[in-house]
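Reading through the structure tokens given below for one structure.
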Amino acid sequence: MKLIAPRLPRGFEDRAQKDIAAITEMTARIRQVYERYGFDPVETPFFEYTETLGKFLPDTDRPNVGVFSLQDDDEQWMSLRYDLTAPLARYFAENFDRLPKPFRSYRQGYVFRNEKPGPGRFRQFMQFDADTVGAPGPEADAEMCMMMADTMDALGLEGQYLVKVNNRKVLDGVLELIGLGAADPEKSLTVLRAIDKLDRLGLEGVSELLGAGRKDESGDFTKGAGLLPDAIHRVLGYVGLKGEGESFFAGLEALVEGSARGLEGVAELRAMAALFAAAGYGADRVRIDPAVVRGLEYYTGPVFEVELTFRVTNEKGQDVVFGSVGGGGRYDGLVSRFRSEPVPATGFSIGVSRLAHALKLTGNLESADPVGPVVVLVLDKDQTARYGEIVSRLRRAGIRAEMFMGQTKNFGKQVAYADKRNSPAVIIEGTDERARGIVQIKDLIAGKEAAKAIADNAEWKAERPGQFECRDDEIIARLSALPAIHAHLQSQK
RNA sequence: GCCGCCUUAGCUCAGUUGGUUAGAGCACUAGAUUGUGGAUCUAGGGGUCCCCCGUUCAAACCGGGGAGGCGGUACCA
């Protein structure tokens, strides 16, 4: 029979105990922040009808290649969700009559994208979103930005991130003034993409992309937008605008003077900035940045993203381009696919998997090995009922415990198993002990410590470091007194 | 999609101008010790040298094609 190579599909990850513990811890902290802000949980399924996600290819009845899709038994196209926003829009529209408006909710879960994976980019990854549906004002947008900042703080990243805020209307205004926008959607997209790359390419790179095009280090040539020098100059002036306060906004206004939409965007940014300042969120945490574009489709007003300000290096020591770990914005049009009345909405998403990947690479996600169960050794195969009784007693007392169930009768192998599980202790009851009404408790942690002084194996065995005996009715009390078990019992309360 | 680097044991990697039976460290298994983890010592298992085609008396090594991995770039709801 031909064996099958066990292999993980690319872009997917297995998660073992430590990874799961880290993700659990991260999501608990995120959840705490969102709940403090007054958001409630909602969960939707992995699958939606493809039309719900709006991901059919234009002019065909096939779903977009970027989504994992299948047809169910009545030939309807279904897709794995590729974000948590489209499902929320469906949920809100479907339950419109009974939901409070504004509707403030959060959701956490895996999403799927059928794309080429990269560093920190997976085909299945976790997002943690919060959205406010039915609140039109900049207060809701500003709240999202501040909550993002608080979330990063809660994850222990104070001073190591920046929430950057912009407004699509301002971008639209700039495009309008160089004669693009609705007049030439294709070229407008190219310009927006170029702006989005300011971080990586700097002003010169962006300038090339706005003009003829750019050849990058890897030898790939990207065709530019073909703007005239005058227009390039104007866009660069906009993109390079920095600072804060009145002079900054006045500068922005001057740049979009003549575009009503642009000015509206600046006014919204002003309002948000005032809210940040009043709430005590300085430019070291939340900052207006004209180069923020975010995805190209559904955002209609404020957009924001959070990025890490420290360097990330992978296992091979290569510097890795990491990009943002979260983002969002206002999407007033998304619910209107389901309902005719206008429904304003704003929200953001934290890329939990991406963030976890970055933190893992930088060593910020390290945690101690979790403490394993107490292992009751099986010395006499005909006494498993007796050993099982001890295990049950430990479990009732809240102590993680198990009977050894492997194939070996070898005593040493059983202890080695417990050691590998990082068990705090094993319980030993052989014929002698049973006759005397006692058991041996071997404290593996203390034993490990004591063993450092012993080099000789014979001595090590004779010494039995960490081992003591106790009466059967003292087992719980003696085990509970061991530091590792004591700590675990405390944490359960 | 495009560009670069990479692919030999479970992992990290050596491998002489192309020359017999392809190696090391770690890990794993067993024994020294049939009732005691670690350390030490001894032994052992484990390989389609990524795949296919070609050159050659002879290919892990040379040539061509392909696949996979990593990174960059493009795209990204």
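Lettering follows sequence order; numbering is per chain, from 1.
Shown here for A/Gly328 and A/Arg294, the closest heavy-atom pair between the two residues is N-NE, 4.0 Å.
Each of A/Asp141, A/Thr300, A/Thr132 was compared with A/Arg330 under the side chain to side chain donor-acceptor pair (under 3.5 Å) criterion, and only A/Asp141 meets it.
A/Tyr110 and A/Phe46 have their aromatic ring centers separated by at least 6.0 angstrom. Ring pair A/Phe348/A/Tyr299: centre-to-centre distance not below 6.0 Å.
Across all strands shown, A/Arg113 has heavy atoms under 4.0 Å from base atoms, whether or not it also approaches the sugar-phosphate. Residue contacts shown for A/Tyr298 are limited to sugar-phosphate atoms, with no base heavy atom under 4.0 Å away. A/Val426 comes within 4.0 angstrom of no nucleic acid atom, judged by non-hydrogen atoms across all strands. As judged by a 4.0 angstrom heavy-atom cut-off over every strand, A/Lys116 is placed among the base-contacting residues.
A sub-4.0 Å separation between OP1 or OP2 of B/A74 and a side-chain N or O of A/Arg193 is absent. For the pair A/Lys197 and B/C75, the criterion of a side-chain N or O lying under 4.0 Å from OP1 or OP2 is met. The phosphate of B/U73 has OP1 or OP2 within less than 4.0 Å of a side-chain N or O from A/Arg200.
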Could you go step by step and tell me if A/Leu227 and A/Lys187 meet the side chain to side chain contact (heavy atoms under 4.5 Å, CB included) rule?
CA-CA 9 Å; A/Leu227 297 186; A/Lys187 196 178 271 192; 4.0 Å; yes
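If you check B/G71 for Watson-Crick or wobble pairing at under 3.5 angstrom, you find it paired to B/C3.
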So if I define the base as every atom that isn't primed, P, OP1 or OP2, how would nucleotides 30-39 of chain B read as a B/S/- string at a heavy-atom cutoff under 4.0 Å?
SS-B-BBBBB
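Each of A/Tyr299 and A/Pro9 was assigned the nucleotide of RNA chain B with the nearest heavy atom; the assignment lying further toward the 5' end belongs to A/Pro9.
Counting distance only, with no hydrogens placed and no angle test, the side-chain atoms of A/Glu115 and the base atoms of B/A77 include a donor-acceptor pair under 3.5 Å.
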